[in-house]
Amino acid sequence: EIHGESGAGDGLLREVTSLMVKELCNEDMALFQENADGDGRLHPSRCSKVQRDHLEYFMLVGKMIGLMLYSASHIPARFSIPFIKTLLRHPLTVDDMKGVDRALF
């Protein structure tokens, strides 16, 4: 039951998954941080180790996103180009790093 409504089926799973990903990607969790150019895209935070089990949290986020992709659900987070390219094992370019690290670019 969410907000007093009973639910069954894929809709409930999509809603719970979406809420969990949104919460895990919240900057207060210190797992992800926003790009330097302020476009709202996220990449893994250098400070993520403040979370004792940060690697398990990253695995959970990955599994949740995989489930959402499998079920053709909307992912409530926008990830940076370098992060997406890394996940897809595509080569990175210096231009890709523009939004992540202004000093490097």
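Atom-to-atom distance recorded for Cys47:SG and Glu27:CD is 10.5 Å, nearest 0.5 angstrom. In this structure, NE2 in His54 is found 7.5 Å from NZ in Lys49, a value given to the nearest 0.5 Å. Atoms CZ and OG, on Phe58 and Ser45 in that order, are 7.5 Å from each other to the nearest 0.5 Å. Here OG1 of Thr17 is found 11.0 Å from CD1 of Ile65. Values are rounded to the nearest 0.5 Å. Taking CG of Leu55 as the reference point, atom OG of Ser48 lies at 7.0 Å (rounded to 0.5 Å). Atom-to-atom distance recorded for Leu60:CG and Asp53:CG is 11.0 Å, nearest 0.5 angstrom.
Although no hydrogens or angles enter the test, the distance criterion places a donor-acceptor pair under 3.5 Å between the side chain of Glu34 and the main chain of Gly40. A donor-acceptor pair is defined here as one N or O able to donate and one able to accept, closer than 3.5 Å; no such pair exists between the side chain of Arg14 and the backbone of Ala72. Within the 3.5 Å criterion, the main-chain N or O of Met29 finds a donor-acceptor partner in the side chain of Gln51.
Connection of Ile75 to Met59 is not established within any shared hydrophobic cluster, with ILVMFWY side chains joined at heavy-atom distances below 4.5 Å, either directly or through further cluster members. Residues Tyr70 and Leu87 do not share a hydrophobic cluster, clusters being chains of Ile/Leu/Val/Met/Phe/Trp/Tyr side chains in contact below 4.5 Å. Following chains of ILVMFWY side-chain contacts shorter than 4.5 Å, one can reach Met64 starting from Leu69, so the two form part of one hydrophobic cluster.
Using a 4.5 Å heavy-atom threshold, the side chains of Met68 and Val21 count as touching. Within the 4.5 Å cutoff, no side-chain heavy atoms of Pro91 are placed close to those of Lys85.
In terms of heavy atoms, Asp96 sits closest to Thr93 at OD2-N, 2.8 Å.
Environment of CZ in Phe83: crowded, with over 12 heavy atoms of neighbouring residues, nucleotides or ligands closer than 6.0 Å.
A side-chain contact (heavy atoms from CB on, under 4.5 Å) with His43 is found for one member of Asn35, Ile84, Ile81 and no other, namely Asn35.
In this structure, Phe32 and Phe79 have tilted ring planes: the angle between them lies in the 30° to 60° band.
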